[in-house]
Amino acid sequence: MREVTNDSLSPPRAMTLQHAGGRPGPAAAGPALCDAPHNPPLMPYFIENFTLIRLCLQSLRVISYLYQNANSYLPRVRANLNFSKRPLVKLKAAVSNVFSFRTRTVYCDVKSLLVKTLVQLFVVAKWVVLVSVGRVRWCGRRGSGSRRARALLLLWLSGFSRYSEGRRDNDLHIGGIFPMEGEGGWQGGQACKPAAELALADVNARSDLLSGFKLLLHSNDSKCEPGLGASVMYNLLYNPPQKLLLLAGCSTVCTTVAEAAKMWNLMVLCYGASSPALSDRARFPTLFRTHPSATVHNPTRIKLMQKFGWSRIAILQQAEEVFISTVEDLEAHCKKVSIEIVTRQSFLSDPADAVRNLRRQDARVIVGLFYVVAARRVLCEVYKHRLYGKSYVWFFIGWYEDNWFETNLEREGIECTVEQMREAAEGHLTTEALMWNQNANQTTISGMTSEDFRSRLNEALREAGYDIDGERFPEGYQEAPLAYDAVWAVALAFNKTMEKLEKNGLSLKNFTYTNKKIADDIYEAINSTSFLGVSGLVAFSSQGDRIALTQIEQLTDNHYVKLGYYDTQADNLTWLDRERWVGGKVPPDRTVVVNELRTVSLPLFACMTALCIAGILAAIGLIVFNIMHRHRRVIQWSHPACNTVMLCGCCICLSAAVALGVDGRWVQPQHFSGLCAARAWLLATGFSMAYGALFTKVWRVHRHTTKPKVETKKRMHGWKLYTMVGGLLVVDAALLTAWQLRDPLQRRVEIFPLEAPRHHDDDVHIRPELEHCESEHNTVWLGVMYGYKGLVLVFGLFLAYETRSVKVRQINDSRYVGMSIYNVVVLCLITGPVTLVIASQQDAAFAFVSLAIVFCCFLSMALIFIPKVIEVIRHPTERAESGRGSGSGSAPADEERYRELVKENEELQKLIAQKEERIRVLKQKLAEREAAAADGVTQGTGGGGVGGGGGVLADLATATSDYGTSTNYTRSSRASVSDLDFSESYL
């Protein structure tokens with residue numbers, strides 16, 4: 001086994017003929033051509049002059065070939081002419097400018113032939129000049145002819161070597177492109193190249209393979225850079241010897257190499273390329289790979305997400321083709337099973353912004369697709385942004401080394417310590433195709449078990465300077481079995497191809513870059529290859545992909561633990577139940593949002609309900625009181641029917657206040673619309689009854705002040721009062737019925753912003769919800785109801801203000817009715833707008849509305865009934881009230897007596913008026929007579945005048961006596977009437 005290394009950055013150079021084992025070939029053992037001590041040995045002379053011989057032989061061969069194929073447009077001629085070309089750049093450029101034909105292939109071939117011929121002539125001319133100046137001398141005349149003959153014979157024999165210098169006929173050459181040292185990407189050649197060298201040694205040691213041929217590897221470093229990889233490929237192709245196949249690693253390099261290799265009919269076998277794009281047979285017709293496609297991980301990831309109930313994920317990827325195509329395939333799988341991809345973040349080199357965006361999107365289950373160098377940067381950013389722990393799950397690629405998060409931190413400028421990286425990496429999951437045979441005791445095609453190969457590989461890596469005992473594995477250690485099996489796949493395919501070619505008298509040595517027949521044979525041989533290798537069963541699909549199982553692992557306590565295996569083709573998940581989650585439970589796929597219904601505070605609801613029940617009981621008690629004492633004047637002259645209606649309305653309003661506190665805690669959502677309707681009907685009818693009764697009273701008082709005195713003395717019938725309250729209820733019923741039929745109140749949920757958890761649980765956030773009773777055109781209906789009720793309130797306020805100083809005997813509590821109306825109007829005008837403003841604060845809104853209702857009801861009941869209750873308590877019987885001059889008897893008798901007394905009083909007032917008029921006339925006559933008497937004294941008249949005056953005085957005395965009698969009677973009558981005036985006596 002031998003490996004030849006070519007520098008991809010140096011120009012092609014002539015290679016020395018060397019034995020497979022590194023020893024000098026036969027030409028080196030020949031006798032010296034010069035005996036003089038200063039003469040050069042035969043080999044340098046042979047190498048320096050070989051160009052002339054090769055030029056002659058090549059020219060003859062090309063001319064013969066062109067002559068035989070002149071009628072086929074001179075097909076492309078590809079001669080492997082390799083020599084030092086540095087001083088000939090200008091010459092080649094000049095010739096290329098002259099022969100710049102681009103339209104036909106034959107012109108390009110002729111141009112290439114002419115350029116190479118001129119180059120060879122230039123070398124011959126150089127050799128002639130050197131001979132002329134004496135640098136090359138033949139040693140003496142004696143024996144010079146025989147030595148010259150031997151040298152020419154050697155040159156002639158060497159000229160028949162096919163296409164390369166220093167090469168044996170039993171060597172099969174393949175090219176190798178290994179990513180060894182780079183700053184990014186996958187540098188898996190560090191372990192894969194030693195594995196490939198072990199495979200070469202094992203293959204060449206087998207006598208039953210390749211029929212005496214030896215497999216040689218020519219390799220160089222691509223640094224996982226596609227541009228450098230292409231340069232390495234061209235250097236391998238254009239430098240002798242001719243290659244039969246290319247081994248390559250790193251997806252980006254394999255993409256470039258495989259897309260170009262088809263132009264040379266070269267098979268490409270990738271040992272470390274997982275890009276799904278490489279499965280495109282139309283784009284990569286000559287590609288095979290022992291590394292499974294990255295898409296094999298996606299069904300496994302989907303299976304795990306379904307197992308743990310994750311339906312919302314995020315993706316973080318490096319901007320490389322392998323990961324872009326993998327993500328596209330993952331998105332397709334997620335769409336099939338209805339898994340939401342909340343965000344897809346990508347980055348080139350710095351993942352800081354992408355990781356920050358993951359936190360903003362509240363990503364919890366994150367699939368990371370990037371090379372290991374980028375993975376270390378990502379993990380450090382994960383630690384900085386606290387995206388790890390019991391609330392997060394990370395999916396990483398499984399082909400990283402076991403200690404990937406601990407190595408090369410300082411060299412790559414990672415700002416996190418080893419302890420921080422370990423903390424952030426704890427608990428993450430990996431999925432990887434099985435790259436090691438899981439049966440450690442199973443013998444593979446090489447005669448080794450997978451453990452035997454591991455031991456040999458570890459020993460080779462120790463010799464290379466890696467700290468294997470300290471578990472410091474080089475990159476690509478997991479893929480090393482794939483590289484080993486790739487070389488075996490090549491050997492087996494070549495062996496099968498050679499058997500097929502021998503039947504046609506051909507060999508692999510007949511392969512050229514234009515020989516598509518042998519290339520197709522190699523393709524068929526690789527495609528049908530199947531064997532048991534150290535990585536497991538090696539077989540290729542129709543797309544050239546490796547068929548393999550997937551392994552799932554989890555990092556626990558700084559070590560990877562196998563959780564199970566997944567067979568994609570059979571859809572079979574083998575689970576070992578070894579998972580261990582931080583926090584002891586499966587992390588959720590999102591921040592758990594708990595919809596919390598905001599309900600009225602239970603203590604507040606209990607307090608307000610107790611007040612309302614107390615008010616209802618008080619109203620019921622007052623109704624009983626009103627009925628029991630309905631015949632007493634203090635009750636009767638305050639319209640007891642209106643009082644009863646008002647008390648019933650208060651009970652209904654208090655019931656509505658309780659209904660306002662009943663919410664989703666007590667009522668199911670499907671029944672909430674019924675609760676909304678009950679609230680509206682109770683509040684509207686209760687208000688109309690309670691306030692309507694007060695409005696009726698104040699309207700009656702106002703009517704007493706505006707109507708003639710005769711009409712005010714008419715008795716107010718009860719049905720008129722009921723009609724007024726009933727009218728308000730009819731309007732309410734009409735509006736509520738139309739509202740309920742056309743646009744019924746429904747349950748509408750108001751959603752509030754998320755709130756922090758109460759117990760500092762990062763996995764849970766509270767989304768408050770509040771129930772409202774609303775309809776589609778809720779504003780319109782509320783406007784109609786508020787407008788109607790507002791008009792009644794304002795009109796009642798106006799009437800109360802107009803009658804604020806009026807006292808009417810038939811309504812003895814008119815002043816307190818007005819005060820109740822003031823209270824109701826003010827509270828309603830305040831409560832309505834404020835309730836609309838604080839509707840989103842359930843406790844405040846309920847407390848404000850219920851207190852307003854309770855306050856209105858309690859105050860109205862107190863103003864109307866407390867004076868009556870006090871009066872009844874003070875005078876428990878009707879006799880006590882009679883002691884104040886009220887008389888006794890039943891209510892009809894009292895009314896009859898009252899009417900008689902009023903009539904008698906009116907008659908007496910008329911009589912008094914008549915007597916007063918008579919007294920006035922008599923006084924006037926008396927004054928006239930006194931004046932006449934004074935004149936008679938002067939004239940000396942006699943006693944006639946005295947007699948007349950005596951008559952007048954007698955009349956005046958009679959009138960006065962009558963007046964005194966009537967006056968005394970009248971006062972007695974007024975005292976009786978005053979005794980019946982309760983509106984001014986008991987309050």
* **Validation row, ring centre Tyr400 to ring centre Phe370 under 6.0 Å** => no
* Pairing of Arg422 and Glu419 as salt bridge, 4.0 angstrom limit -> no
* Test Glu321 against Arg283 for salt bridge (charged side-chain N to carboxylate O under 4.0 Å, His left out), laying out the working first. => CA-CA 14 Å; Glu321 183 182 11; Arg283 184 180 174 188; 3.1 Å; yes
* Asked: Without hydrogens or angle criteria, can the side chains of Ser535 and Asp485 be said to hold a donor-acceptor pair below 3.5 Å?
  -> yes
* To do: Write down the atom of Thr430, the atom of Gly398, and the distance for their closest heavy-atom approach.
  => CB-CA, 3.8 Å
* Asked: Is it true that the NZ or CZ of Arg386 lies under 6.0 Å from the centre of Tyr383's six-membered ring and within 45 degrees of the ring axis?
  -> yes
* Do Arg590 and Ser311 pass the side chain to side chain donor-acceptor pair (under 3.5 Å) test, and can you show the C-alpha distance, the side-chain angles, and the key distance before you say yes or no? -> CA-CA 9 Å; Arg590 69 196 74 193; Ser311 59; 2.9 Å; yes
* Heavy atoms only: give me the nearest Ser325-Ala277 pair and the separation to one decimal. => OG-N, 3.7 Å
* Going through the checks in order, is the side chain to side chain contact (heavy atoms under 4.5 Å, CB included) test met by Trp436 and Gln478? -> CA-CA 8 Å; Trp436 294 79; Gln478 295 294 333; 3.6 Å; yes
* Asked: Does the pair Trp739 and Ser775 meet the rule for a side chain to side chain contact (heavy atoms under 4.5 Å, CB included), with working shown?
  -> CA-CA 9 Å; Trp739 191 353; Ser775 58; 3.3 Å; yes
* To do: Could you walk me through whether Arg377 and Asp350 pass salt bridge (charged side-chain N to carboxylate O under 4.0 Å, His left out), step by step?
  => CA-CA 7 Å; Arg377 298 194 187 100; Asp350 186 7; over 6 Å; no
* **Working for side chain to side chain donor-acceptor pair (under 3.5 Å), residues Tyr371 and Glu320** => CA-CA 9 Å; Tyr371 288 118; Glu320 298 285 351; 5.5 Å; no
* Asked: Going by atom types alone, do Tyr566 and Asp571 pair a side-chain donor with an acceptor below 3.5 Å?
  -> yes
* Residues Lys384, Glu415: salt bridge by 4.0 Å N-O rule -> yes
* **Ala425 versus Leu555, closest heavy-atom pair with distance** => O-CD2, 3.3 Å
* Asked: Are Glu426 and Asn558 close enough that a side-chain donor and a side-chain acceptor fall under 3.5 Å?
  -> no
* So, does Thr290 use its side chain to make a donor-acceptor pair with the main chain of Leu482 at under 3.5 Å? -> yes
* Judged by atom type as modelled, is there a donor-acceptor pair below 3.5 Å linking the side chain of Ser222 to the main-chain atoms of Gly229? -> no
* Hey, is Arg376 close enough to Glu412 for a salt bridge, meaning N to O under 4.0 Å? -> yes
* To do: Please step through side chain to side chain contact (heavy atoms under 4.5 Å, CB included) for the pair Cys773 and Phe672, ending with a clear verdict.
  => CA-CA 8 Å; Cys773 290; Phe672 201 82; 3.6 Å; yes
* **Ring geometry between Phe288 and Phe540 (parallel below 30°, tilted from 30 to 60°, perpendicular above 60°)** => perpendicular
* Asked: Taking the inter-plane angle between the rings of Trp404 and His428 on a 0 to 90° scale, is it parallel (under 30°), tilted (30 to 60°) or perpendicular (over 60°)?
  -> perpendicular
* **Step-by-step side chain to side chain donor-acceptor pair (under 3.5 Å) determination, Gln345 to Thr343** => CA-CA 6 Å; Gln345 299 291 327; Thr343 182; 2.9 Å; yes
* salt bridge (charged side-chain N to carboxylate O under 4.0 Å, His left out) between Asp843 and Arg598, worked out -> CA-CA 9 Å; Asp843 288 340; Arg598 284 184 173 178; over 6 Å; no
* Asked: Under 3.5 Å, is there a donor-acceptor pair between the Glu479 and Tyr271 side chains?
  -> no
* For the rings on Phe473 and Tyr466, is their centre-to-centre separation under 6.0 Å? -> no
* Closest approach of Val582 and Lys390, non-hydrogen atoms and distance? -> O-CB, 3.0 Å
* **Nearest heavy-atom neighbours spanning Cys270 and Cys254** => SG-SG, 2.6 Å
* To do: Mark yes or no for whether Asp567, through its side chain, and Leu549, through its backbone, hold a donor-acceptor pair below 3.5 Å.
  => no
* Structure fact -> Nearest heavy-atom approach of Asp221 to Glu181 is OD2-N, 3.2 Å
* **Under-4.0 Å salt bridge between Arg364 and Asp362** => yes
* Criterion side chain to side chain contact (heavy atoms under 4.5 Å, CB included) on Glu553 and Val561, from CA distance to verdict -> CA-CA 5 Å; Glu553 292 181 322; Val561 177; over 6 Å; no
* **Parallel, tilted or perpendicular, as decided by the 30° and 60° cut-offs, for the rings of Trp310 and Trp581** => perpendicular
* Is there a donor in the side chain of Asp663 and an acceptor in the side chain of Thr599, or the other way round, less than 3.5 Å apart? -> no
* Test salt bridge (charged side-chain N to carboxylate O under 4.0 Å, His left out) applied to Arg580 and Asp557, step by step -> CA-CA 10 Å; Arg580 193 171 72 184; Asp557 296 332; 2.5 Å; yes
